[in-house]
Amino acid sequence: MDVSELLDGLNDKQRDAVAAPLQNMLVLAGAGSGKTRVLVHRIAWLMQVEQASAYSVFAVTFTNKAAKEMRNRVEETLKAPVGGMWIGTFHGLSHRILRAHHREAQLPESFQILDSDDQLRMLKRLLKAMNIDDKKWPAKQFGWYISAKKDEGLRPKDIQAYDINEQMMLKVYSAYQEACDRAGLVDFAEILLRCYEVLKNNPTLLRHYQQRFAHMLVDEFQDTNTIQYAWLKLLAGNTNSIMIVGDDDQSIYGWRGAKIENIKRFLTDFSAETIRLEQNYRSTATILKASNALIQNNSERMGKSLWTDGNEGEPISIYAAFNELDEARFVSSKLRSWLNAGNALQDAAILYRNNAQSRVLEEAMLQEGLKYRIYGGMRFFERQEIKDALAYLRLVGNRQDDAAFERVINTPARGIGDKTLSHIRDCARNESLPLWYAAKAIVEQQHLSGRAAGAVSKFIELVEHIEDKISDLNLEEQAKYTIQTSGLMAMYQAEKGEKGRARVENLEELISACDQYELPEDEEFNSPLQGFLAYTSLESGDGQADEHEDAVQMMTLHSAKGLEFPLVFMVGVEEGMFPSQQSNEESGRLEEERRLCYVGMTRAMEKLYVSHAESRRLYGQEKYHSPSRFLREMPEDCIEEIRIKTQVSRPPATGRFSASVSHAAFEESGFNLGQRVLHAKFGIGTVLNYEGSGAQSRVQVNFDDLGSKWLVTAYARLQAI
DNA sequence: GTAATATACATTTTT
DNA sequence: TGTATATTAC
């Protein structure tokens, strides 16, 4: 392959990054500036020009999807498979190191991974055992605390608890950690922290990896947290060249520990050069102009301004809806026109701030007969039936896995109730035994009633039988046999309705996933099953089928990061929704909300619609939100206010919460709830409610002509009739 | 063990 | 308001 091909079609800045000398580098890559392309070409360049071996390349991403894409594109570019190259997620790569050095990490060879759900169950169990009131101390809080501390690289011994609250947190953290260690379990944060510690405490090992990975690349660096940064720094050592790619303006995960300041820290810690990619190949000039203007309201930016040599495009359309139903209907009708104009639905996306907003939209799509696909939600390997099956397989491979034991001991129901279980738990705690061995001991010591003892020993026999039987089978047969013999299949087959059918299908899907699974050759697993189990924990499985069906994409703004669509709707752009209520001025999270808005806007390639609703039913109550400040931050010449044509025009556009009808005036005027009233524009209706006081009061009227759904806030010009 | 009823609670999410 | 989970009743 001709080396110059690697630089062809790149702009100057991209070329600078790809062909830079071996040094530490920050590529500040704006949205749509071709950063993946740069990363991929850089790897190819290292191999072709710098004679780097595939073994020396280490590339880190946050998601499996990104890792997969990078690998594919590298292979495409080099026109050859690249074995030996480490491309993966922070967790995936750390896990790989832990597997290879489980002894140094003080983990059993068959250690298993706890996902957040497992972690929560584990904590709940622990809290019960420790007699901690679940009401006063919710398990979730502990989970959050533990993960946050681990993300900071802190073990219980590193933490000083100054108040009672933290003392409690610490106590549970310690107990939880002990329980995990005993059971050979690691949670997500533990994977990173444990890997970091292993490397740090084993200089020889560290040197080995430092020497091997001469070329490190990191994607989405603005999302790294403390431990990830420390881990990278450790691996990079003093001599390796590391290229990080990121965009401080797209940092939207501060709430889960990401440290935006890691980018700046990198510049000093690694004395790195900065290259800015500001040419955008995605959006129209108008969309970019508005996005740039918006993000300029943030302080402490590293500074970057996107530009394009493309078309100006259409203005951004802003729609003020009466309420969330109107908003949804607006979106669906626009999508209908889009489809009728010969476009594909899958080229359109609806973005919202929180998942709860999807429902009304979903209903509107259904009504309009438009196919849609909602991102997020339950993933394949997180489903109940799948986790049940995996728990059997885990227990077969690792009898110490208490989490798996708890999950399947009475699934399907085999007459082992709470009482028997607490016997087992007590014994396990007293003797410091894994639950499995405690159960065995209890049966042997005949501490149980006949029936319970029978049930428990039958369970023990079952697991041992499965282990015995599947040892010579291939992975697919192992899964099949386990799902059948455990009785899971029968149990879900007996479950009636659509749900049961779907679960059976999922179990079958799991078996075929086993069939398709390929054990990575260069990773150290003691069995294919071991590899598959790790795979299911680290790769939650994209889940939904029908991916090829033409459908509108619906997702939160967060999950839209990295994607692009010709047509984008950003809905619910109201104060209190976006920026969200809890991200107000005092919280110090406003800038992150603004970045989120920036991310949303820059998803749009051709056309962007932004909408807000004047009234919105939220948690059973009608809320009145003013348009988001973000709307005001978009330059006027980039936007166009639109309204749909109905017989009814909108209420006055501005000052709508001010005092045309004050509370006092309203009462004085003799209006009552249920009163029939006439509005100059909306016609006749019934007064439903009025609330607030003085200049803030609002009157809600249900207008006859608008249908019962149209609850409109009428601000003035009401006449009693 | 399941079904009915009470209660809490409600950004954002990958691994 | 609607959902997920906990508790209680059968």
Side-chain angles (χ1 to χ4, degrees), chain A residues 60-67 88-96 113-121 124 128 133-136 138-140 144 147 150-151 186-193 195 220 223-225 227-228 251-258 324 351-360 375-379 381-382 384 410-419 491 494-496 534-543 555-562 572 576-584 587 589 592-593 595-597 599-600 616-623:
Chain A
V60 198
T61 64
F62 274 86
T63 66
N64 291 303
K65 197 172 151 208
T89 62
F90 280 95
H91 291 85
L93 299 176
S94 298
H95 171 253
R96 188 167 171 182
I113 299 163
L114 284 184
D115 68 18
S116 352
D117 182 56
D118 299 329
Q119 186 188 39
L120 194 66
R121 285 160 170 273
K124 279 187 180 160
K128 213 169 235 169
D133 183 7
D134 194 71
K135 288 256 160 55
K136 209 167 156 214
K140 269 195 187 145
W144 180 84
S147 301
K150 288 186 179 181
D151 284 348
V186 294
D187 58 45
F188 287 133
E190 184 72 22
I191 295 177
L192 297 175
L193 180 52
C195 180
E220 305 274 21
D223 291 337
T224 53
N225 62 28
I227 191 68
Q228 286 160 342
S251 162
I252 55 176
Y253 287 110
W255 52 275
R256 64 175 200 211
E324 78 278 13
L351 311 181
Y352 34 81
R353 178 66 240 266
N354 66 30
N355 291 115
Q357 289 171 264
S358 69
R359 209 170 59 240
V360 212
Y375 280 68
M378 198 52 86
R379 288 184 167 69
F381 293 125
E382 286 168 2
Q384 178 190 307
N410 200 31
T411 311
R414 47 173 70 87
I416 300 173
D418 270 348
K419 230 171 137 194
M491 170 179 133
E495 194 172 317
K496 49 202 176 303
Y535 163 78
T536 61
S537 307
L538 288 174
E539 172 119 39
S540 39
D542 284 333
M555 66 193 83
T556 63
L557 286 149
H558 280 90
S559 31
K561 195 171 77 152
M577 295 289 291
F578 189 27
S580 78
Q581 194 56 239
Q582 37 273 80
S583 306
N584 53 19
S587 70
R589 292 161 167 170
E592 185 155 305
E593 292 286 301
R595 292 194 288 268
L596 190 56
C597 185
V599 167
R616 180 181 295 277
R617 214 168 173 72
L618 212 60
Y619 309 137
Q621 272 186 320
E622 208 82 6
K623 296 278 183 189

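Numbered from 1 within each chain, the chains take letters A, B, ... in sequence-line order.
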Choose from [options] the nucleotide whose nearest atom is closest to any side-chain atom of [X].
{"X": "R379(A)", "options": "dT14(B), dT15(B), dA10(B)", "value": "dT14(B)"}
{"X": "R359(A)", "options": "dT13(B), dT3(C), dT15(B)", "value": "dT3(C)"}
{"X": "R353(A)", "options": "dT13(B), dT15(B), dT12(B)", "value": "dT12(B)"}
{"X": "E593(A)", "options": "dT11(B), dG2(C), dT15(B)", "value": "dT11(B)"}
{"X": "Y253(A)", "options": "dT13(B), dT11(B), dT15(B)", "value": "dT13(B)"}
{"X": "Q582(A)", "options": "dT11(B), dT15(B), dT13(B)", "value": "dT11(B)"}
{"X": "N354(A)", "options": "dT14(B), dT12(B), dA10(B)", "value": "dT12(B)"}
{"X": "R617(A)", "options": "dT1(C), dT12(B), dT15(B)", "value": "dT1(C)"}

**Q.** First of H91(A) and N410(A) reached from the 5' end of DNA chain B, by closest nucleotide
**A.**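 Its nearest nucleotide being more 5', the pick is N410(A).
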Q | H558(A) vs I416(A), nearer the 5' end of DNA chain B by closest nucleotide | A |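 Closest to the 5' end, via its nearest nucleotide, is I416(A).
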On the nucleotide [N], are OP1 or OP2 found under 4.0 Å from the side-chain N or O atoms that [X] carries?
{"X": "K124(A)", "N": "dA6(C)", "answer": "yes"}
{"X": "S559(A)", "N": "dT13(B)", "answer": "yes"}
{"X": "T556(A)", "N": "dT13(B)", "answer": "yes"}
{"X": "N64(A)", "N": "dT14(B)", "answer": "no"}
{"X": "N355(A)", "N": "dT13(B)", "answer": "yes"}

Rounding to an integer number of Å, can you tell me how far [X] [atom1] sits from [N] [atom2]?
{"X": "Y375(A)", "N": "dT12(B)", "atom1": "OH", "atom2": "P", "value": "18 Å"}
{"X": "D117(A)", "N": "dT15(B)", "atom1": "CG", "atom2": "C1'", "value": "14 Å"}
{"X": "L538(A)", "N": "dT14(B)", "atom1": "CG", "atom2": "C1'", "value": "11 Å"}
{"X": "E495(A)", "N": "dG1(B)", "atom1": "CD", "atom2": "P", "value": "17 Å"}
{"X": "F381(A)", "N": "dT14(B)", "atom1": "CZ", "atom2": "P", "value": "15 Å"}
{"X": "K65(A)", "N": "dT13(B)", "atom1": "NZ", "atom2": "P", "value": "14 Å"}
{"X": "K135(A)", "N": "dA6(C)", "atom1": "NZ", "atom2": "P", "value": "9 Å"}
{"X": "F90(A)", "N": "dT13(B)", "atom1": "CZ", "atom2": "P", "value": "20 Å"}

Q. Any donor-acceptor pair under 3.5 Å linking the side chain of N64(A) with the backbone of L538(A)?
A. yes
Q. Is a side-chain donor or acceptor of R353(A) paired with a backbone partner of M577(A) at a separation under 3.5 angstrom?
A. no
Q. Taking the side chain as C-beta and beyond, is there a heavy-atom pair between F578(A) and L557(A) under 4.5 Å?
A. yes
Heavy atoms under 4.0 Å, any strand shown: does [X] hit a base, just sugar-phosphate, or nothing?
{"X": "S580(A)", "value": "base"}
{"X": "D115(A)", "value": "nothing"}
{"X": "G417(A)", "value": "nothing"}
{"X": "Y619(A)", "value": "base"}
{"X": "R589(A)", "value": "base"}

Q.
Between dT12(B) and dT5(C), how many Å separate the two C1' atoms, rounded to a whole number?
A. 22 Å
Q: Could you work out the separation of dT11(B) and dA4(C) based on their P atoms and round it to a whole Å?
A: 14 Å
(Q) Salt bridge or not between R617(A) and E324(A)? Use side-chain N to carboxylate O under 4.0 Å. (A) no
Q: Could you tell me the separation between the SG atom of C195(A) and the CD1 atom of I227(A), rounded to the nearest 0.5 Å?
A: 9.0 Å
Q.
Exactly one of Q228(A), K561(A), H91(A) should register a side chain to side chain contact (heavy atoms under 4.5 Å, CB included) with F62(A). Which one does?
A.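 So, applying the side chain to side chain contact (heavy atoms under 4.5 Å, CB included) to F62(A) and each of Q228(A), K561(A), H91(A), only Q228(A) qualifies.
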Q) Please walk me through it: do S94(A) and L192(A) pass side-chain contact (heavy atoms from CB on, under 4.5 Å)? A) CA-CA 6 Å; S94(A) 298; L192(A) 297 175; 3.4 Å; yes
